[in-house]
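Working notes, beginning with the structure itself.
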Amino acid sequence: METLFFVPQYARWHYGRSLRELVTHCIDVLWFITIFFSIGILVNTLFSKSKLEGERTSSHESVRAMTGTVFAQTITTVFEFCIRIIILCLGFFSIVCTIFFSLIFCIVWILLPIIIIFLSALSLQYLFS
């Protein structure tokens, strides 16, 4: 008799509280990925100028030294831009994968009791046939 009271409570938990907690956990994982890849900071500083330490030019230096400094700053800026783009792409790819697999998991979670009942009925049918 107690089993009959268990079924509605389980259904209420399975389709109510657990789904809310599942969505909460997915949001937490998305927040973690956003912070881990520093997506906000990288987007804001994507086109920022590179700051090289120790590379200072004065008006008394030769043209050769200034050309070397400009070349080094250009190479560093391009390299930093490429690294930022790669990290942003990895972050966005991780977010898309997380959303995709979270949706798949939610669909499977919703259908799981139906699948279990169907497989149980199917096994009983084959057992007694």
Side-chain angles (χ1 to χ4, degrees):
M1 188 67 182
E2 291 181 19
T3 309
L4 293 177
F5 293 118
F6 172 74
V7 173
Q9 290 175 353
Y10 174 75
R12 193 177 313 120
W13 173 83
H14 187 85
Y15 292 111
R17 180 177 174 192
S18 66
L19 276 177
R20 283 191 303 269
E21 289 180 3
L22 184 63
V23 169
T24 302
H25 291 305
C26 292
I27 290 170
D28 288 345
V29 170
L30 289 173
W31 175 82
F32 170 76
I33 290 172
T34 304
I35 299 301
F36 181 76
F37 285 101
S38 304
I39 291 178
I41 295 171
L42 286 175
V43 167
N44 289 336
T45 62
L46 188 60
F47 297 107
S48 68
K49 186 176 178 184
S50 173
K51 296 175 185 154
L52 289 177
E53 294 295 323
E55 294 288 332
R56 305 195 191 280
T57 60
S58 66
S59 60
H60 303 308
E61 290 186 16
S62 66
V63 173
R64 176 184 249 176
M66 285 180 20
T67 306
T69 302
V70 168
F71 180 73
Q73 286 179 348
T74 304
I75 293 295
T76 305
T77 303
V78 169
F79 181 73
E80 285 179 359
F81 179 78
C82 291
I83 294 296
R84 287 179 179 142
I85 289 293
I86 290 170
I87 293 173
L88 277 174
C89 288
L90 285 174
F92 287 133
F93 179 73
S94 298
I95 288 173
V96 168
C97 287
T98 301
I99 291 172
F100 175 74
F101 288 118
S102 296
L103 288 174
I104 295 295
F105 188 78
C106 283
I107 291 170
V108 169
W109 183 260
I110 290 171
L111 296 177
L112 204 56
I114 298 168
I115 293 170
I116 290 173
I117 291 171
F118 174 75
L119 290 177
S120 298
L122 193 64
S123 66
L124 286 175
Q125 179 186 1
Y126 284 125
L127 182 67
F128 293 117
S129 65

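Predicted, not measured: the structure shown is a model, and the values here were computed from it. The residues of the chain are indexed from 1 along the displayed sequence.
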Original post:
Just how far is it from atom CD1 of Ile83 to atom CG of Leu42, taken to the nearest 0.5 Å?
Top reply: 11.0 Å
**OP:** State plainly whether one hydrophobic cluster holds both Leu88 and Phe36, where clusters connect Ile, Leu, Val, Met, Phe, Trp and Tyr through side-chain heavy atoms under 4.5 angstrom apart.
**Re:** yes
Original post:
How close do Ile33 and Gly91 get, heavy atom to heavy atom, and via which atoms?
Top reply: CG2-O, 4.0 Å
Original post:
With the 4.5 Å side-chain cut-off for hydrophobic clustering, are Phe37 and Ile85 part of the same group?
Top reply: yes
Original post:
Do Val29 and Val108 sit in the same hydrophobic cluster, where Ile, Leu, Val, Met, Phe, Trp and Tyr count as joined when their side-chain heavy atoms come under 4.5 Å apart?
Top reply: no
**OP:** Among Ile, Leu, Val, Met, Phe, Trp and Tyr joined by side-chain contacts under 4.5 Å, find the other residues sharing a cluster with Val23 and list them by chain and number.
**Re:** Ile27
Subject >> Closest contact, heavy atoms only, Cys106 versus Leu22 >> reply: SG-CD2, 3.4 Å
Subject >> Spacing of SG belonging to Cys97 relative to CZ belonging to Phe92, to within rounding of 0.5 Å >> reply: 13.5 Å
Subject >> Euclidean distance, Ser129 OG relative to Leu124 CG, rounded to 0.5 Å >> reply: 10.5 Å
**OP:** Please identify each residue that fulfils side chain to side chain contact (heavy atoms under 4.5 Å, CB included) with Ile86, with sequence neighbours left out.
**Re:** Leu90
Subject >> Residues, nucleotides or ligands: over 12 heavy atoms within 6.0 Å of Phe79 CZ >> reply: no
**OP:** Determine whether Phe93 and Ile95 fall in the same hydrophobic cluster, where Ile, Leu, Val, Met, Phe, Trp and Tyr are linked whenever their side-chain heavy atoms lie under 4.5 Å apart.
**Re:** no
Original post:
Are more than 12 heavy atoms from other residues, nucleotides or ligands located less than 6.0 Å from atom CD1 of Ile41?
Top reply: no
Original post:
Which value, rounded to the nearest 0.5 Å, describes the distance between Thr34 atom OG1 and Leu30 atom CG?
Top reply: 6.5 Å
**OP:** Would you sort out whether Ile110 and Tyr15 count as a side chain to side chain contact (heavy atoms under 4.5 Å, CB included), showing the intermediate values?
**Re:** CA-CA 7 Å; Ile110 290 171; Tyr15 292 111; 4.0 Å; yes
**OP:** Flag yes if Ile107 and Leu119 sit in one hydrophobic cluster, no otherwise; membership is Ile, Leu, Val, Met, Phe, Trp, Tyr, and two members link when side-chain heavy atoms are under 4.5 Å apart.
**Re:** yes
Subject >> Trace of the side chain to side chain contact (heavy atoms under 4.5 Å, CB included) decision for Asp28 with Phe32 >> reply: CA-CA 6 Å; Asp28 288 345; Phe32 170 76; over 6 Å; no
Subject >> Gap separating the CD1 atom of Ile117 from the CG atom of Leu122, nearest 0.5 angstrom >> reply: 13.5 Å
**OP:** Classify the ring geometry between His14 and Trp109 as parallel (under 30°), tilted (30 to 60°) or perpendicular (over 60°).
**Re:** parallel
Original post:
What is the distance from atom OG1 of Thr77 to atom CZ of Phe47, rounded to the nearest 0.5 Å?
Top reply: 12.5 Å
Original post:
Is it the case that more than 12 heavy atoms not belonging to Tyr10 sit under 6.0 Å from its OH atom?
Top reply: yes
